[in-house]
Participant: 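Okay, here's the structure, questions in a sec.
Side chains included, hydrogens not; waters and symmetry mates left out as well; all remaining heavy atoms used. Proteins get letters first, then strands, A, B, ... in listed order; numbering begins at 1 in each.
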Number of protein chains: 2
Amino acid sequence: MATADGTGSRRRPEFRKGRPTLTRERIARAALEILGESGPAEMTMRAVAARLDVSPRALYNYVADRRDLLREIVAVCQSDRPQPRLDADHWQDSLRTYCRDLRAWYRAHPGMTALARAEDLTPFTSTDLLRPDDTLVGFFLDLGLSPQDAYRAWSITVLQVSGFAEMWDAWHDRPATGADPAAWTGVPPDPGAGELPHLRRVVAETAYEPPDALFESVLAMLVAGVDAMR
Amino acid sequence: MATADGTGSRRRPEFRKGRPTLTRERIARAALEILGESGPAEMTMRAVAARLDVSPRALYNYVADRRDLLREIVAVCQSDRPQPRLDADHWQDSLRTYCRDLRAWYRAHPGMTALARAEDLTPFTSTDLLRPDDTLVGFFLDLGLSPQDAYRAWSITVLQVSGFAEMWDAWHDRPATGADPAAWTGVPPDPGAGELPHLRRVVAETAYEPPDALFESVLAMLVAGVDAMR
DNA sequence: ACCTGAACACCGTTCAAGT
DNA sequence: ACCTGAACACCGTTCAAGT
């Protein structure tokens, strides 16, 4: 059996000619860097190889193909995904805490949901990856939610946190050149006069706040929504 | 001013050398055919050109680039998207009817959500495209939902219908070779014994039904969920 | 065992002509 | 006005060698 983290094995030297040895994980992390800086379109095999100062061919000694690299990227992200510690007796606090952890995790891997959209990553959904989700669903069931409501609450939780991190945080963490973070509604690009009145009203219900404050109010909405389901 | 639908103009002949003239719409429809048959990866400019018996270069007389073709595809799909007719006095029936129409629309353009995931189509979200959504949000507000609940109800509605059409219907409308439509849970691939108990329980709550019956029970869940929000 | 360099079959896109 | 054919700069991937 190989060691779990791959760093303790004595068969593979950590360095080779003064440069660190290539590994699946190092390749995946280089890809993640490009992903965060430039997005999925720039994350080509050639670009990953260039960042590692290696020929594109070298990657194929560790990774079967591009799809296999995506699989490793998912594995690397999964490895530091927060495992929820949820207490049904203090359910509101523990739900908030977990959401804050989850938000930090999404922010640490910017562009991952864009990648998931660009390539189809659902086939890489493993039991390990779903374990936090399972815990969360169990938590909602403990709260007395029906299975359907538990499913919905789980979906809404993950959707709201990931959406917030990938849209709002990504925008604020590295704003586009010449763009104003203070003016952004989310769904509708500025429509004509009198158009989309209801969507506008719903969106207008939220004024601008700094990211952390806005996130807390999203959490408040989420907790209230879950509470209403009980 | 040009005519709106492009077919009534007398400046462009409908045929040329016995073959129908190329138009943005014809190109987009050819792309949609490939999309439904083979998926986003096969929908290349060269493949679209080949289907129209034309050189790849010819497309660029009508479409600025691939991204512009995607824009036209969105426009073509939008043009026959059902506009909801919703009556707050018979809200359950009208919600069901609209959802059935929406399901049919998604089925008529298979692979569109896969395309939306593969390429980022959100920049093409226009006021026209959002008008049905605005109507639906207004409908939920009329029902007495808070803006937040209206937003959630709208999201859940679109998500459930599109998810059903793109996953369940797409599977049944053209099943993969050698696959059994009767055995498919959705989220978790068969996990190990004792793994993911809560997710399994939640998923196991739904037994196999023919698509239409299952869709009706999804609608029942949706209506009940909206009712609980009032 | 693991690397490089050259090559192959693709892709989106453009140039220079044809009619 | 609108087409074709050839070409360019890319891409993922593989082959045949190097050390």
Side-chain angles (χ1 to χ4, degrees), chain A residues 2 6 9-28 30-31 34-35 38-73 114-115 118-121 123-124, chain B residues 2 6 9-28 30-31 34-35 38-73 114-115 118-121 123-124:
Chain A
S9 164
R10 58 164 156 55
R11 205 170 299 268
R12 270 179 171 285
E14 277 221 44
F15 291 83
R16 191 182 171 90
K17 297 203 193 171
R19 299 298 307 153
T21 314
L22 238 39
T23 59
R24 282 177 68 86
E25 183 180 339
R26 245 170 61 76
I27 294 172
I34 297 175
L35 201 62
S38 319
E42 317 300 319
M43 201 207 78
T44 68
M45 300 297 278
R46 291 169 134 96
V48 173
R51 175 168 288 251
L52 292 167
D53 267 322
V54 108
S55 84
R57 174 62 182 87
L59 304 183
Y60 289 87
N61 293 322
Y62 302 87
V63 144
D65 49 24
R66 176 184 169 80
R67 197 116 188 99
D68 190 35
L69 170 55
L70 297 181
R71 187 189 311 275
E72 181 65 20
I73 288 176
L115 183 70
E119 330 262 346
D120 185 14
L121 263 38
F124 303 148
Chain B
S9 167
R10 59 164 154 55
R11 205 170 299 267
R12 269 180 172 286
E14 276 221 43
F15 291 82
R16 191 183 171 88
K17 296 203 195 174
R19 301 298 304 155
T21 314
L22 238 40
T23 59
R24 282 177 68 88
E25 182 179 341
R26 246 170 62 75
I27 293 171
I34 297 175
L35 201 61
S38 318
E42 317 300 318
M43 200 206 79
T44 68
M45 299 298 278
R46 290 169 135 97
V48 173
R51 173 167 291 250
L52 293 166
D53 268 322
V54 106
S55 85
R57 174 61 182 88
L59 303 183
Y60 289 87
N61 293 321
Y62 301 87
V63 144
D65 50 24
R66 177 185 169 80
R67 197 113 189 101
D68 191 35
L69 170 55
L70 298 181
R71 188 190 310 275
E72 181 65 20
I73 289 176
L115 183 69
E119 329 261 348
D120 185 14
L121 263 39
F124 304 149

Participant: Rounded to the nearest Å, what distance is computed from the CG atom of residue L59(A) to the P atom of nucleotide dT13(D)?
Facilitator: 10 Å
Participant: Over how many whole Å does the gap from R26(B) atom CZ to dC3(D) atom P extend?
Facilitator: 10 Å
Participant: What closest approach, in Å, do P40(B) and R66(B) show between heavy atoms, and which atom pair accounts for it?
Facilitator: O-NH2, 4.3 Å
Participant: Is any side-chain nitrogen or oxygen of N61(B) closer than 4.0 Å to OP1 or OP2 of dC3(D)?
Facilitator: yes
Participant: Judged by atom type as modelled, is there a donor-acceptor pair below 3.5 Å linking the side chain of R26(A) to the main-chain atoms of T21(A)?
Facilitator: yes
Participant: Relative to the 5' end of DNA chain D, which residue comes earlier, D65(A) or S55(B), by the nucleotide with the nearest heavy atom?
Facilitator: S55(B)
Participant: Side chain of L22(A), heavy atoms from C-beta onward: which of dT4(D), dC3(C), dC3(D) has the nearest atom to it?
Facilitator: dC3(C)
Participant: Send over the distance from Y62(B) OH to dA1(D) C1', rounded to a whole Å.
Facilitator: 8 Å
Participant: Who does dT14(D) pair with, Watson-Crick or G-U, both distances under 3.5 Å?
Facilitator: dA6(C)
Participant: Looking at dT4(D), dG12(D), dA16(D), which one has an atom nearest to any side-chain atom of R57(A)?
Facilitator: dA16(D)
Participant: Starting from C1' on dG12(C), measure out to CG on L70(B) and report it in whole angstrom.
Facilitator: 12 Å
Participant: Specify the separation, in whole Å, of atom CE of M45(A) and atom P of dC10(C).
Facilitator: 19 Å
Participant: Kindly say whether, by distance alone, the side chain of R46(A) makes a donor-acceptor pair under 3.5 Å with the base of dG12(D)?
Facilitator: yes
Participant: Between T44(A) and dC11(D), does any side-chain N or O lie under 4.0 Å from OP1 or OP2?
Facilitator: yes
Participant: Ignoring hydrogens, what is the shortest heavy-atom contact between A28(A) and E72(A)? Give both atom names and the distance.
Facilitator: CB-CG, 3.6 Å
Participant: For dA1(C), which nucleotide in any strand shown is its Watson-Crick or wobble partner with both distances under 3.5 Å?
Facilitator: dT19(D)
Participant: So if I take every side-chain heavy atom of R66(B) and compare against dG12(D), dT4(D), dT13(C), which nucleotide ends up nearest?
Facilitator: dT13(C)
Participant: Let me know which of D68(A), L115(A), L121(A) forms a side chain to side chain contact (heavy atoms under 4.5 Å, CB included) with I73(A).
Facilitator: L115(A)
Participant: Report the distance from atom CG of L52(B) to atom C1' of dT4(D), rounded to the nearest whole Å.
Facilitator: 16 Å
Participant: Taking all heavy atoms of R46(B) and all of P56(B), pick out the closest pair and write down the distance.
Facilitator: CG-CG, 4.0 Å
Participant: Return the nearest nucleotide to the side chain of A58(B); candidates are dC3(C), dT13(D), dC3(D).
Facilitator: dC3(D)
Participant: Could you state the atom-to-atom distance from CG of D68(B) to P of dT13(C) in whole Å?
Facilitator: 10 Å
Participant: To the nearest Å, how far apart are L69(A) CG and dT13(D) C1'?
Facilitator: 14 Å
